Each structure stands twice: as C-alpha cells, then as structure tokens.
Undergrad: 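Can you read through this structure? Questions will come right after.
Note that the structure is a prediction, hence the values are computed from the model and not measured. This chain uses plain numbering: 1 for the first residue, then up along the sequence.
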Amino acid sequence: MDELKQASKRKISFFATMKAVFWSFLGIRKKNDYEQDAAQLNPIHVIIAGILGALIFITILVFIVKAVVAK
C-alpha cells in the first residue's frame, strides 16, 4: 500500500501520460520507453488517460461507422 502512495505522488505531466497511453494503444513502444514510463508515470493519471483514450477511440469508430452506413 505504501508503494501505491509513493507512485501516486510522481510528478509527470498529464500530457506525457496521454502520449504514453496513446503509443500503448497502438502497441508501438520501445523497451526503454516502457521502463521509463513504468518508473515515472502516475498510476492514477494512467487510469484516467486510458479511459479517455478508450472513449476517444470508441467515438471515432462510431463516426466512421455512421459515415460508411450513411452512404
């Protein structure tokens, strides 16, 4: 539990977290980048960024499907 408290106090920008989550969604990550992210990212930010990323992805898919079906 103490490790979680320490991890949640990590200071890295939310934009950097969103960028890391975006690359993770694509599956394109270097081992060094992954290790840096694991050591620096705030887990709470990662969860929020993952949810936002999923919502954006689903929204884009819905728009694509609507555009294709409309034609």
Side-chain angles (χ1 to χ4, degrees):
M1 200 61 154
D2 191 36
E3 292 176 11
L4 182 59
K5 287 181 183 179
Q6 289 176 347
S8 66
K9 293 181 181 180
R10 294 178 185 160
K11 302 219 180 207
I12 194 163
S13 71
F14 188 71
F15 177 73
T17 304
M18 284 296 293
K19 186 173 110 176
V21 169
F22 171 75
W23 286 116
S24 296
F25 266 64
L26 291 177
I28 304 172
R29 299 291 294 159
K30 292 181 182 176
K31 185 176 180 180
N32 292 340
D33 292 338
Y34 171 76
E35 290 172 355
Q36 274 185 330
D37 290 344
Q40 294 177 352
L41 293 177
N42 183 331
I44 295 170
H45 289 173
V46 173
I47 292 169
I48 293 168
I51 292 170
L52 285 174
L55 290 174
I56 291 168
F57 179 70
I58 291 168
T59 303
I60 290 170
L61 286 178
V62 168
F63 281 120
I64 291 172
V65 168
K66 283 186 178 183
V68 169
V69 172
K71 292 185 177 184

Undergrad: Applying the side-chain contact (heavy atoms from CB on, under 4.5 Å) test to I60, which of I58, I56, V62 qualifies?
TA: I56
Undergrad: Roughly how far, to the nearest 0.5 Å, is the NZ atom of K66 from the CZ atom of F63?
TA: 6.5 Å
Undergrad: Atom CD1 of I48 and atom CG of N42: how far apart are they, to the nearest 0.5 Å?
TA: 8.0 Å
Undergrad: Going from NZ on K19 to CG on L41, what distance comes out if it is rounded to the nearest 0.5 angstrom?
TA: 10.5 Å
Undergrad: For F57, give me all partners under ring pair (Phe, Tyr, Trp, His ring centres under 6.0 Å), at least two apart in sequence or on another chain.
TA: none
Undergrad: State, with a plain yes or no, whether a side-chain heavy atom of F22 is found less than 4.5 Å away from one of M18.
TA: no
Undergrad: Are F14 and I44 linked, directly or through intermediate hydrophobic residues, by side-chain heavy-atom contacts shorter than 4.5 Å (ILVMFWY only)?
TA: yes
